[in-house]
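What follows is a set of notes on a single structure, which appears directly below.
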Amino acid sequence: MKNYCLAFLVFFMCSNSQAQVWKTLRHEVSFGVGASNFLGDLGGAKGIGTHGIKDLKFRSTRSTISAGYKYMLNPYLSVRSTLIWSLLSGDDALTKNTVRNSRNLSFRSNIAEISGYIVYYPTEDRVLPRYKIQGIRGNKTTSISPYLYLGVGVTFFNPKANYEGEWVALQPLGTEGQGLAGRPDKYNRYTLCFPIGVGLKYRVNKQMSVSFDVSLRYTLSDYMDDVSTSYYIADEISANYGEVAGALSDRSINPGPYGVLEYPDGRNNYLQRGDPRYNDAYMFGILSFHYRFVKGQVFIPKF
C-alpha cells in the first residue's frame, strides 16, 4: 500500500512539474550539420531518373548546414522555422544506365532553403526525465523522443556545369532553347518545396538536446539540374546565347537518341533530354544540437 501511495505521489508531482516546466521552455534554437542527396534527371540508379528514393546515389552526397528556431505549442506539437544551406549535384557518369551515361550531363548547385514545419512528438517533447523509483514497477527512464514533421518552404538554386575547368551558370544559357521560338521562357531559380521528415531527439538536460532526422523535399521545379524536356538546335542556341551555351546543350559522347534530328523537308525531331513527368527532389540527413531558453524559475521535485 505504501508503494502505491508513493507511486501516485510521484506521478502527480512529476506530471504537475512537467505541465509547468514546458511553458518556461517554449523557445529553442538549433544548429545542425549533415549530408544532402539529389533526386532528379541526372545521375542516379538504373532506369529513368525520378524523385524517388530508389534513384539515390551515395556518391552524389554533399554537405549541409542548418540553423533553426522552434516554438513549443504544447508537449506534443511545435512549430519550427529553418534556414538550410547545402550543395546538390548530379552526374550521368555515375549511373549504370547506358542512355543516361552517354548523355554525359552533370551539374552542381548551392541551394538555400527557408522553410516552416509543424512538428509532432507522439510521446511528447519531454523536458523533464521520467523518474525511476526503486520498488515501483511501471516507471521507466527515457530521454529519447521520436518526432515527425511536415512543412512548406522556398528553395533558391543556381545550377552550374564544369566547362573547360570553369563552373558556368546554366540558366542564362537556355540549354533547352528557353526564350527561343516555340520554347518557354527561362525558368526561375527558386521554387516551393514541401519537406517531410522523421527523427529522434535525445534530451541531454533540461535545456540541451541532440537530434538526428532524415527528410525528403519535393519541389515544384524540374530545373534544379537544368534538365527537363527535350534538346533544341545547338546552332540556334549558340547564335543567341553564345558558343558555350550551344556546347553545353548537348554533351553526348556516344551515338544514340541525343540532340535534334533535322529532316530534308524542314521538319525537326527534338529528342528527349530529360523527363518532365517528375519534378526534382532532394534529401537531407542532419545531426542537430538544440538549446532551450528558460523563462522564469520553477520548482522541480528531486528524488
Transitively linked via ILVMFWY side-chain contacts under 4.5 Å: L150 with I114? no
Qualifying residues under side chain to side chain contact (heavy atoms under 4.5 Å, CB included), relative to N101, sequence neighbours excluded: T95
Would you list the pairs meeting salt bridge (charged side-chain N to carboxylate O under 4.0 Å, His left out) in which at least one residue belongs to residues 207-226, sequence neighbours left out? E113-R217
Between N254 and S102, is there a side-chain donor-acceptor contact under 3.5 Å, judged purely by atom types and distance? yes
Taking all atoms of both residues into account, what is the closest heavy-atom pair of S63 and S36, and its distance? O-OG, 4.1 Å
Side chains of L271 and L261 in contact at under 4.5 Å (non-hydrogen atoms): yes
Side-chain atoms of residues 244-253: list all donor-acceptor pairs with protein atoms under 3.5 Å, sequence neighbours left out, distances to 0.1 Å.
{"from": "S249", "atom 1": "OG", "to": "G246", "atom 2": "O", "distance (Å)": "2.7"}
{"from": "D250", "atom 1": "OD1", "to": "S252", "atom 2": "N", "distance (Å)": "3.1"}
{"from": "D250", "atom 1": "OD1", "to": "S252", "atom 2": "OG", "distance (Å)": "2.8"}
{"from": "R251", "atom 1": "NH1", "to": "N162", "atom 2": "O", "distance (Å)": "3.2"}
{"from": "R251", "atom 1": "NH2", "to": "N162", "atom 2": "O", "distance (Å)": "3.3"}

Mind checking whether Q178 and L173 have side chains closer than 4.5 Å, heavy atoms only? no
Carefully, step by step, assess N188 and Q171 under the rule side-chain contact (heavy atoms from CB on, under 4.5 Å). CA-CA 8 Å; N188 294 318; Q171 188 263 8; over 6 Å; no
Could you state whether L170 and W167 fall into the same hydrophobic cluster, counting links through intermediate Ile, Leu, Val, Met, Phe, Trp or Tyr residues with side-chain heavy atoms under 4.5 angstrom apart? no
Tested for side-chain hydrogen bond (donor to acceptor under 3.5 Å, both in side chains) against D275, the lone hit among Q272, R277, R273 is R277
Mind checking side-chain hydrogen bond (donor to acceptor under 3.5 Å, both in side chains) for S89 and listing every partner two or more places apart, or none if nothing turns up? R62
Verify same cluster id: I286, L88 (apolar side-chain graph, 4.5 Å): yes
Starting at CD1 of I118, measure out to OG of S78 and round the result to the nearest 0.5 Å. 8.5 Å
Any salt bridge (charged side-chain N to carboxylate O under 4.0 Å, His left out) pairs touching residues 67-79, not counting sequence neighbours? E28-K70, K70-D125
N110 versus W85: any side-chain heavy-atom pair under 4.5 Å? yes
Just distance, no hydrogens or angles: give the donor-acceptor pairs under 3.5 Å from side chains in residues 189-200, sequence neighbours left out.
{"from": "R189", "atom 1": "NH1", "to": "N158", "atom 2": "OD1", "distance (Å)": "3.0"}
{"from": "T191", "atom 1": "OG1", "to": "L220", "atom 2": "N", "distance (Å)": "3.2"}
{"from": "T191", "atom 1": "OG1", "to": "S221", "atom 2": "N", "distance (Å)": "3.3"}

Which pairs pass salt bridge (charged side-chain N to carboxylate O under 4.0 Å, His left out) with one or both residues in residues 229-248, sequence neighbours excluded? none
Kindly compute the distance separating CD1 (I111) from CG (L87), expressed to the nearest 0.5 Å. 8.5 Å
Is any side-chain heavy atom of Y232 closer than 4.5 Å to a side-chain heavy atom of L180? yes
To the closest 0.5 Å, what do you measure between OG1 (T64) and CG (L287)? 12.0 Å
Working to the nearest 0.5 Å, report the span between CZ of R80 and CE of M72. 12.5 Å
Looking at side-chain heavy atoms only, is the closest gap between L94 and S60 below 4.5 Å? yes
As a quick check of understanding, evaluate ring-ring contact (aromatic ring centres under 6.0 Å, His included) for Y282 and F284, giving each step before the final call. CA-CA 7 Å; Y282 53 97; F284 290 135; 5.3 Å; yes
Please check if any side-chain donor atom of R26 sits under 3.5 Å from a side-chain acceptor atom of Y71, or the reverse. yes
Please enumerate all residues that pass side-chain hydrogen bond (donor to acceptor under 3.5 Å, both in side chains) together with N74, with sequence neighbours excluded. none
Apply side-chain contact (heavy atoms from CB on, under 4.5 Å) to residues T175 and I237 and explain how you reach the verdict. CA-CA 7 Å; T175 55; I237 294 177; 5.6 Å; no
Answer whether the closest heavy-atom distance between the side chains of H290 and V29 falls below 4.5 Å. no
Whether the side chain of T123 engages the backbone of S145 through a donor-acceptor N/O pair (distance < 3.5 Å, no angle test) should be reported. no
Report yes or no: does N268 contribute a side-chain atom to a donor-acceptor pair with the main-chain N or O of Y270 at less than 3.5 Å? no
Give a yes or no on whether Y218 and L39 share a hydrophobic cluster (residues Ile, Leu, Val, Met, Phe, Trp, Tyr; joining criterion: side-chain heavy atoms under 4.5 Å apart). yes
Within the 4.5 Å heavy-atom criterion, are N269 and V260 side-chain neighbours or not? no
For I65, the option from V33, L83, I84 that meets side-chain contact (heavy atoms from CB on, under 4.5 Å): V33
Does a side-chain heavy-atom distance below 4.5 Å link V294 with L25? yes
ring-ring contact (aromatic ring centres under 6.0 Å, His included): pairs with one or both residues in residues 102-122, sequence neighbours excluded: F38-F107, Y117-Y149, Y121-Y147
Consider only side-chain N and O atoms of Q207 and Y291, and report whether a donor and an acceptor are under 3.5 Å apart. yes
Contact summary for G40 and D280, nearest pair of heavy atoms: CA-OD1, 3.6 Å
Restricting to side chain to side chain contact (heavy atoms under 4.5 Å, CB included), what partner residues turn up for F58, sequence neighbours left out? L56, T61
Nearest heavy atoms of L42 and R103, plus distance in Å: CD2-NH2, 3.5 Å
Applying side-chain contact (heavy atoms from CB on, under 4.5 Å), run through M283 and V214 and close with a yes or a no. CA-CA 7 Å; M283 295 182 63; V214 177; 4.1 Å; yes
Hydrophobic cluster identity match, F212 and I144, side-chain contacts under 4.5 Å: yes
Please name all residues satisfying side chain to side chain contact (heavy atoms under 4.5 Å, CB included) with T229, sequence neighbours left out, ordered by chain then number. E176, R183, Y223, P276
Nearest heavy atoms of R203 and S209, plus distance in Å: CA-CB, 3.9 Å
Check: Y258 side chain, V99 main-chain N or O, donor-acceptor pair, under 3.5 Å: yes
Looking only at non-hydrogen atoms, find the nearest pair between F157 and S109 and report the distance. CB-OG, 3.6 Å
Side chain to side chain contact (heavy atoms under 4.5 Å, CB included) filter on S81, not counting sequence neighbours, yields Y69
